[in-house]
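Let me begin by presenting the structure, written as structure tokens, before commenting on it.
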Amino acid sequence: MTVLYKANMVRGAEWARLFAERAPNMPFRLWPDIGNPTEIRHLVAWVPPDDIATTFPNLELVFSVGAGVDQFDTTKVPAHIPLVRMLEPGIAETMVEYVTMAVLGLHRDLLDFISQQKQQVWREIRITPAKRRRVGVMGLGQLGQAVLERLKAFGFALSGWNRSPREIEGVTCYAGVDALPDFLAQADILVCLLPLTDQTRGILNADLFARLPRGAGLVNVGRGPHLVEADFLAALDSGALSGAVLDVADPEPLPAGHPFWSHPRILLTPHNASMTTPDTAVDFVLDVIARHRRGEELPGRVDRRRGY
Ligand code: NDP
């Protein structure tokens with residue numbers, strides 16, 4: 001029954017308190033204080049320890065503490081042990097806030113006004129009505145869909161692109177690689193909410209930027225390696241892109257002096273678009289453990305062949 005937590009220690013203390021409250025009969029341990037490893041049945045981790053199969057012979061479930069699992073070496077998790085990513089509502093709520101902020105910031109020329117403020121001068125910029133701004137979201141999973149749902153309120157012209165077809169009311173949906181050029185051609189603001197896989201690594205590259213309407217804005221909240229840095233900087237310099245909001249980078253944090261830190265057309269944040277909220281995450285983990293015991297389907301179960 002024992003749960004082992006190996007991630008951010010400050011939030012770990014909160015997890016421990018919530019487990020004690022909500023599942024007092026379920027022992028909870030904080031890495032590196034693992035106790036008797038044969039008692040560990042459930043592991044909640046950002047990056048799991050290397051040799052989990054031998055260290056924890058009675059492991060039944062492995063949770064990623066985040067919504068993505070690209071930081072996991074899934075080959076190290078024995079095939080019979082389900083790997084579950086965090087599907088707790090706190091992640092979606094905070095992601096929706098961040099992408100709304102980023103899209104509105106680009107829509108309302110925030111980067112220009114930050115520059116103008118620094119120069120102590122105002123130059124008029126005409127406001128574009130939201131209905132004439134086309135916002136396209138790549139990746140129509142739990143987060144992409146939640147973001148689009150909220151963006152509807154502003155009246156943007158919305159579209160989405162996904163591997164398999166989706167139908168979302170009020171959103172023009174495109175599916176598959178063949179439909180990507182048509183999707184890109186009408187995305188004034190492009191939001192990347194894809195998982196990082198062999199298919200999506202480097203997807204934000206020169207070819208993609210060239211297909212966007214000239215002067216498009218980019219929001220990358222997926223993963224740093226989605227973006228090809230040299231292509232991106234060239235697209236900003238040439239005006240193919242007018243600005244970007246980046247929450248993710250490669251590596252994180254970026255080294256001192258990296259051009260993204262000081263680029264006037266880039267707003268950078270430290271991979272905190274969304275964060276797992278212990279309060280709701282503990283409920284999610286307890287629910288999945290209970291479902292697993294009952295032999296039911298597990299929400300958030302990762303398909304290891306797809307990689308997400
Ligand atoms: P989901 O797995 O719910 O959704 C992923 C979506 O992407 C699916 O709809 C999937 O389509 C689609 N997709 C996958 N591969 C491709 C591809 N090659 N081409 C087109 N579409 C593809 O994930 P979430 O929505 O929960 O999260 C998405 C990502 O957001 C995470 O993997 C993570 O990288 C990032 N993230 C970033 C955070 C941050 O703080 N910056 C926080 C949380 C997540 P299909 O279903 O058809 O396979």
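As the structure lists them, so they are numbered: ligands from 1, and atoms in each ligand from 1.
Between the side chain of Q71 and the main chain of W46, a donor-acceptor pair closer than 3.5 Å is present.
Between R223 and E252, no side-chain nitrogen of the basic residue sits less than 4.0 Å from a carboxylate oxygen of the acidic one, so the salt-bridge criterion is not met. Taking a cutoff of 4.0 Å between a charged side-chain nitrogen and a carboxylate oxygen, R134 and D188 qualify as a salt bridge. For R201 and D250, the salt-bridge test fails: no basic side-chain N is under 4.0 Å from an acidic carboxylate O. Comment: R17 engages E21 in a salt bridge, judged by a side-chain N to carboxylate O separation of less than 4.0 angstrom. Using a 4.0 Å cut-off between a side-chain N of Lys or Arg and a carboxylate O of Asp or Glu, E39 and R29 qualify as a salt bridge.
Side-chain contact between F56 and R41 is absent, with no heavy-atom pair separated by less than 4.5 Å.
For ligand 1, the atoms sitting less than 4.0 Å from at least one non-hydrogen atom of S274 are 40 (O), 42 (C), 43 (C), numbered in the order shown with element in parentheses. Ligand-side atoms of ligand 1 in range of R85: 1 (P), 2 (O), 3 (O), 23 (O), 24 (P), 26 (O), range being under 4.0 angstrom from any heavy atom. Near T200, the atoms of ligand 1 lying under 4.0 angstrom from a non-hydrogen atom of the residue are 17 (C), 18 (N). Ligand 1 places these atoms under 4.0 Å from at least one heavy atom of M95: 37 (C), 38 (C), 39 (C), 41 (N), 42 (C).
On a distance-only criterion, T197 and ligand 1 share no N/O pair closer than 3.5 Å. Residue N272 has no N or O atom closer than 3.5 Å to an N or O atom of ligand 1. Looking at R163 next to ligand 1, an N or O pair under 3.5 Å apart turns up. Ligand 1 has no N or O atom lying under 3.5 Å from any N or O atom of L193, backbone or side chain.
Compare P195, G307, G139 by their heavy atoms: the one nearest to atom 5 (C) of ligand 1 is in P195.
For L194, heavy-atom contacts with ligand 1 shorter than 4.0 Å involve the backbone as well as the side chain. By the criterion of a heavy-atom distance under 4.0 Å, neither the backbone nor the side chain of M275 is placed next to ligand 1.
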